[in-house]
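One structure is given here, and the rest of the page talks about it.
What you see is a predicted model, and the numbers here were worked out from it, not measured in a lab. Atoms within a ligand are numbered from 1 in the order they appear, just like the ligands themselves. Every heavy atom of this structure was used, including side-chain atoms; hydrogens, water molecules and symmetry mates were not.
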Amino acid sequence: MAGVSDSMEFGPRVVALTGAGISAESGVPTFRGPDGLWGRYRPEELATPEAFARDPVRVWEWYAWRREVIARAQPNPAHRALVEMEAALPGFVLITQNVDGLHQQAGSRRVVELHGNLWRVRCVQEDRAWEDRRVPLPEIPPRCPTCGALLRPDVVWFGEPIPSEAWQLAVQAAQEANLFLVIGTSGIVEPAASLPRLARACGARIIEFNLEDTPLTPLADEVWRGPVGETLPRWWARFQT
Ligand code: BV8
């Protein structure tokens, strides 16, 4: 493979699962860390269809704030290492729990978004979604330009199913992986956290990149502790000729 030494001890079927930790060094607050988003909010208060039905303004104020924070964020070296892997490894698959779009902004083209993307909005009436990068939003809550119904962020809330196509792609990748990278996730949210377990059950080698131990650490054959903006490029550099 161009630019990759043949010392690569694994075949081309490398799969990466990323969580909020990969965007932390880009300035995007994580969900459960010390400065986490949830610290100031309670997930069941905001990231659920019930919360949106009860108080769409409050939910949209949270998402409008996150859009403003993320609009200022730039991909970091960890995002860029994954772009290089996609180019170098034909069978590489990137699965993300993140909704910030930083993988695509870094240049990743094949991204399986398990939880949607907060740069897309969806008309609750027409069930039609489109990209909307307006920061700030002209009105809270934003409304559909054609039918006037409420728009919602095109993300997966707690209690909502993962989009079936994304889930099928993720499960197939986990089953076929021979190396599964678990990057910057607390391994708490399901069903995403079941993917490393599935990959291991199907014979994949697991490497975890995180600041601290998680419920997935016992699965890992190798653990890289430290900021992933530093550890992932260092791990990847070993395979460059
Ligand atoms: C479903 C989109 C079924 C929105 C998100 C009990 C009660 C109720 C529900 C459940 C329950 N048990 C399980 C459930 C199901 C529930 C769930 O998992 N709940 C959890 C809280 C227990 N799951 C669901 O509801 C899912 N749907 O099950 O549907 C169904 C089926 C059919 C039909 C109908 C229904 C949907 C889950 C998706 C929720 N949406 N996000 C939004 O973002 O606004 S989840 C949210 O959490 C984000 O996507 C986030 O990515 C995700 C996971 O968190 P992490 O990414 O891991 O982030 P976190 O902050 O937790 O951790 C960061 C990690 O990075 C840490 O480990 C930290 O150490 C590390 N780190 C930090 N900095 C760095 C770093 N590492 C390295 N370097 C650094 N610099």
Side-chain angles (χ1 to χ4, degrees), residues 16-52 58-67 69-70 73 75-79 81-82 94-103 111-122 152-164 166-168 170-171 181-197 207-217 219-220 223-235:
L17 170 69
T18 63
I22 197 169
S23 297
E25 291 159 73
S26 296
V28 181
T30 62
F31 282 77
R32 292 166 192 84
D35 63 344
L37 280 171
W38 301 126
R40 288 186 288 284
Y41 304 96
R42 288 158 48 84
E44 57 280 1
E45 273 184 15
L46 293 163
T48 69
E50 294 77 18
F52 185 70
R58 180 160 163 65
V59 171
W60 261 115
E61 281 171 349
W62 182 46
Y63 280 95
W65 170 73
R66 287 172 66 192
R67 286 162 58 106
V69 170
I70 292 165
N76 65 59
H79 294 106
L82 292 169
L94 171 56
I95 304 164
T96 190
Q97 300 172 83
N98 299 340
V99 299
D100 57 31
L102 286 179
H103 286 304
V111 183
V112 179
E113 293 183 317
L114 294 180
H115 297 159
N117 188 307
L118 96 176
W119 293 117
R120 283 197 307 272
V121 294
R122 190 162 83 231
R152 59 166 283 177
D154 192 29
V155 300
V156 178
W157 281 327
F158 290 103
E160 293 186 323
I162 307 300
S164 56
W167 184 243
Q168 283 160 26
V171 166
L181 312 179
V182 184
I183 301 170
T185 181
S186 59
I188 293 168
V189 171
E190 295 294 354
S194 66
L195 291 168
R197 295 189 173 86
I207 306 182
E208 181 182 55
F209 297 83
N210 201 306
L211 293 174
E212 59 192 17
D213 282 7
T214 73
L216 298 173
T217 305
L219 293 178
V223 169
W224 287 62
R225 281 286 167 268
V228 65
E230 187 266 318
T231 56
L232 187 61
R234 184 149 50 84
W235 173 82

Looking only at atom types and distance, does a side-chain atom of [X] sit under 3.5 Å from a main-chain N or O of [Y], one as donor and one as acceptor?
X: R67; Y: L118; value: yes
X: E190; Y: S194; value: yes
X: N98; Y: A20; value: yes

Closest heavy-atom pair and its distance - [X], [Y]:
X: P49; Y: F158; answer: CD-O, 3.4 Å
X: A192; Y: L114; answer: CB-CD1, 3.7 Å
X: V28; Y: L102; answer: CG2-CD1, 4.1 Å
X: E160; Y: V155; answer: OE1-O, 3.7 Å
X: V156; Y: P163; answer: CG2-CD, 3.5 Å
X: S26; Y: A73; answer: O-CB, 3.4 Å

Among [options], whose heavy atom sits nearest [atom]?
atom: atom 72 (C) of ligand 1; options: G21, P191, S194; result: G21
atom: atom 62 (O) of ligand 1; options: S186, P227, A192; result: S186
atom: atom 66 (C) of ligand 1; options: N210, L17, T96; result: N210
atom: atom 48 (C) of ligand 1; options: F209, W167, W62, F31; result: F31

Between ligand 1 and [X], is the shortest N or O to N or O distance under 3.5 Å?
X: R32; result: yes
X: Q97; result: yes
X: A47; result: no
X: I162; result: no

Atoms of ligand 1, numbered as shown, that sit under 4.0 Å from any heavy atom of [X]:
X: N98; value: 51 (O)
X: G19; value: 56 (O)
X: G159; value: 24 (C), 25 (O), 34 (C), 35 (C)
X: A20; value: 55 (P), 56 (O), 58 (O)
X: R66; value: 42 (C), 43 (O), 44 (O)
X: E212; value: 69 (O)

Item to check | Geometric class of the F52/W157 ring pair [parallel <30°, tilted 30-60°, perpendicular >60°] | outcome: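 The arrangement is tilted - the two ring planes meet at 30° to 60°.
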
Side chain, backbone, both or neither: which part of [X] comes within less than 4.0 Å of ligand 1 when only heavy atoms are counted?
X: A24; answer: side chain
X: E160; answer: backbone
X: E25; answer: side chain
X: T185; answer: both

Checklist entry - Looking at D213, N210, T231, which hits side chain to side chain donor-acceptor pair (under 3.5 Å) with R225? => result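 Only one of D213, N210, T231 forms a side chain to side chain donor-acceptor pair (under 3.5 Å) with R225, namely D213.
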
Item to check | ligand 1 contact by G226, heavy-atom criterion under 4.0 angstrom | outcome: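 True for this residue.
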
